[in-house]
Amino acid sequence: AGSAVVPVGGRREQILSLGDTVRLVPVLRQLRPDDRHSDLKLHMLQLRRLLRVVRFGVPGCRGGLAQRSAGCRLSVYRLALLCAIMHSFLLAWSAAQHNATIDEIGHLAGGIALWEAGRFDVYRVNPPLVRAVAAAPVVLGGARSDWSAYRNGPHDRAEWTMGSALVRASGPEGAYQAFVLARWACIPFSLVGAWVCFRWARDLYGSGAGLLAMTLWCFCPNVIGHGQLITPDVGAASLGALAGYVFWRWLRAPDWGSAFLAGLGLGLAELTKFTWIVLFLVWPIVWLIWRQPRPRTDVAGIPTGAAPATGESSAPPARTRPREAMQLAVILFLGLYLTNAGYGFEGTFKRLDDFDFVSPTLMGTASQEQDFQATGNRFRGTWAGAIPAPLPANYVLGIDLQKLDFDRGKWSYLGGQWRFGGWWLYYLYAMAVKVPLGTWLLACLAIAATLFARGYSASPRDEITLLAPAIAVLGVVSAET
C-alpha cells in the first residue's frame, strides 16, 4: 500500500509498507516483553498506529496510506465544519423562537449599562465579558438604559429594576429584537467550545476522537439550551476549556509564545465566571505534576523497567525548570492583569479594610446572627486589612454578593428530603440521577478504555490536565452547598 512518514518518539521516521508490516504480525505475536529488538518494536508501533486508523476511521478515507492520511484529515475537517454549521443554525433558530429568561433581562441591562456609562456594578455577581459582547449590537441599535431605576447600595441588584424598565420602554417587538440580537452575538462563544473539543481530543486521541467530541458538544441539549442565551454559562465553559487547552500546549512545549497564549486564555476565562479563579491554584499544581520524573519507555511505549544508572529520567533537565517557573509566573500574572484590564482597573489594589462587605463570611459574623441588610468587614482592625486586593473592586464585591446568597441558605430537596440548607453531595447525587444514561455509558467506556486498552488513552499527565479543572470546580461548588 506504499510507505509513509509518521512521527515516532518526537521524530519523523520512514516506515515500511503496510503489506510488509502485516507480514510481520506472526512475529509480533510471539514477541516477548523483555525483547529489546528496536526494529521489531518499531514495527509494533507502526502496526498499532495503522490499526488505530482502522478503529477511528471516517468515511472518505480511501487510497494508499499517505493518500488516506490526507483524505482522512480533509474528511474530518469537512464533517467538523458541518457540525459547526448545524450547531450555529440550531442556536440561531432557538434564539429567535424562545422568550427571554429572567436572568437574561438582568444581563442585558448590565451589558448596556457597561457600554453606556462604564458601570460594572450592574450585575456584578458575574464578570462582564459575556454581557458586554451580548449588549454590543443592542447598543449599536439604539437601546438605552433607564437610569431612574438605578440603585447602588451594597445589597442592591440594580440589574432587575433596570432590566424591567428596559423591557417596558422597548415594548414587546423592540424587546424581542433586542434579545435576539444579543443572543446571536453570543453564538461564537459556543463555537469556540466546539473547536476546543475538536482540537484537544484530536491532539490527545486522534482525528476520529476529535470529531466525536465536537459532535457531542454541538448536539448536547445542555449546550444548545444555554448556548442560545446571553447568560455566561456556555461562554465560561468554552473559554475555560480554551484556557485549559492552551495551558496544556504550553506544558508540552514550554516557550514564551505559548506562555503568552496561556496567560491570554486565563484572563479571558476569568472574565466569564468567578468559578475560574480556581485555575490560579490548579495550574501550578498541574505544572508540578508534569515536572515529576516519569518511567522511561521504549519506542513502542512499553516500560523498560528501572531508569539508567546515570539517574536520567524523562523529566525535563533541571536547568530548564527555573525558566518554566518564570513562564508560569508570567502566565498567572498576565491572567490577573487581563482580569483587571477587563474591569478598566476599577478599584484595583483597594485595601481590604476599605470594602463594605455584605456576606457573613467576609463580615466575620455567623450567618444565623446576620442582619442581611447590614455591612461590615472582618479585616478592619487587623494586619490583613492593609493588604491591597490585586483584583478590581467590583470583582471582589461581586464574589461577596454572590457569597451572600450561599450564606443565607435556601430550602432544598434531595432524595425525598426537604430541608433548609444543602448537602455536600448534592451535585454528585444530581449527576447520578439526572445526567442522561447515554452520557454515563460514554463515561464508563472512557474509563474502561483508559484502564484496560492502552491504545485508547493518553498519558496520565495529559488526562490530569484535562480533568483537574473540572474536578476542582465540582469540589468548590459542592463545598458551597
Side-chain angles (χ1 to χ4, degrees), residues 81 83-150 157-195 217-239 242 268-269 271-273 342-344:
L81 178 61
C83 278
I85 293 173
M86 295 177 66
H87 184 61
S88 300
F89 172 78
L90 286 172
L91 296 182
W93 181 84
S94 299
Q97 294 299 312
H98 300 139
N99 288 334
T101 66
I102 183 64
D103 287 350
E104 286 185 291
I105 295 173
H107 281 288
L108 185 58
I112 295 175
L114 178 59
W115 286 111
E116 275 189 351
R119 304 290 311 194
F120 294 94
D121 56 334
V122 183
Y123 221 115
R124 60 159 62 108
V125 295
N126 282 126
L129 179 59
V130 176
R131 64 176 180 268
V133 171
V138 180
V139 172
L140 290 175
R144 294 294 180 266
S145 299
D146 181 358
W147 290 97
S148 65
Y150 175 73
R157 299 287 300 271
E159 57 268 19
W160 306 127
T161 54
M162 295 180 68
S164 298
L166 174 67
V167 171
R168 287 194 299 268
S170 302
E173 187 64 27
Y176 167 79
Q177 294 177 356
F179 280 104
V180 170
L181 283 176
R183 287 171 166 181
W184 284 353
C186 292
I187 290 177
F189 286 118
S190 191
L191 293 177
V192 168
W195 178 83
W217 173 279
C218 288
F219 299 101
C220 172
N222 273 331
V223 175
I224 295 174
H226 289 275
Q228 64 181 280
L229 307 180
I230 65 175
T231 51
D233 302 288
V234 166
S238 297
L239 295 185
L242 176 63
L268 291 175
L271 289 172
T272 57
K273 259 185 179 292
Y343 280 82

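For clarity, every value in this text was computed on a predicted model and none was experimentally measured.
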| said: Before you tell me yes or no, could you show the steps for Glu159 and Leu108 under side chain to side chain contact (heavy atoms under 4.5 Å, CB included), namely the whole-Å CA-CA distance, both residues' side-chain angles and the distance that decides it to 0.1 Å? | reply: CA-CA 8 Å; Glu159 57 268 19; Leu108 185 58; over 6 Å; no

Test your reading of the model: is there a side-chain donor-acceptor pair from [X] to the backbone of [Y], 3.5 Å cut-off?
X      : Y      : result
Ser238 : Phe189 : yes
Ser94  : Leu91  : no
Tyr176 : Gly171 : no
Thr272 : Gly235 : no
Trp195 : Leu242 : no
Arg131 : Leu114 : no

| Do Leu129 and Leu239 pass the side chain to side chain contact (heavy atoms under 4.5 Å, CB included) test, and can you show the C-alpha distance, the side-chain angles, and the key distance before you say yes or no? | CA-CA 11 Å; Leu129 179 59; Leu239 295 185; 3.6 Å; yes

What is the minimum heavy-atom distance between [X] and [Y], and which atoms define it?
X      : Y      : answer
Ile102 : Trp160 : O-CZ3, 3.4 Å
Cys218 : Ala194 : SG-CB, 3.8 Å
Ser145 : Ile112 : OG-CG2, 3.2 Å
Tyr343 : Pro127 : OH-CA, 3.2 Å
Ala185 : Pro137 : CB-CG, 3.8 Å
Ala96  : Val180 : CA-CG2, 3.9 Å

| task | Report the C-alpha separation of Leu166 and Ile105 in whole Å, then their side-chain angles, then the decisive distance to 0.1 Å, and conclude whether the side chain to side chain contact (heavy atoms under 4.5 Å, CB included) test is met. | result | CA-CA 8 Å; Leu166 174 67; Ile105 295 173; over 6 Å; no

| Just wondering, more than 12 heavy atoms not from Trp184 lying within 6.0 Å of its CH2? | no

| For atom CZ of Phe89, is the number of surrounding heavy atoms from other residues, nucleotides or ligands below 6.0 Å larger than 12? | no

When rounded to the nearest 0.5 angstrom, what is the spacing between [atom1] in [X] and [atom2] in [Y]?
X      : Y      : atom1 : atom2 : result
Asn222 : Trp217 : CG    : CH2   : 10.0 Å
Cys186 : His226 : SG    : NE2   : 14.0 Å
Ser190 : Gln228 : OG    : CD    : 10.5 Å
Leu90  : Ile187 : CG    : CD1   : 10.0 Å
Phe219 : Met86  : CZ    : CE    : 4.0 Å

| query | Does Arg183 have any salt bridge (charged side-chain N to carboxylate O under 4.0 Å, His left out) partners at least two apart in sequence or in another chain, and if so, which? | reply | Glu104

| request: For Arg144, enumerate each residue passing the salt bridge (charged side-chain N to carboxylate O under 4.0 Å, His left out) test, keeping only those at least two apart in sequence or located in another chain. | output: Glu116

| remark: ring pair (Phe, Tyr, Trp, His ring centres under 6.0 Å) pairs touching residues 95-119, sequence neighbours excluded, are His107-Tyr123

| field | side chain to side chain contact (heavy atoms under 4.5 Å, CB included) between Asn99 and Phe179, worked out | value | CA-CA 9 Å; Asn99 288 334; Phe179 280 104; over 6 Å; no

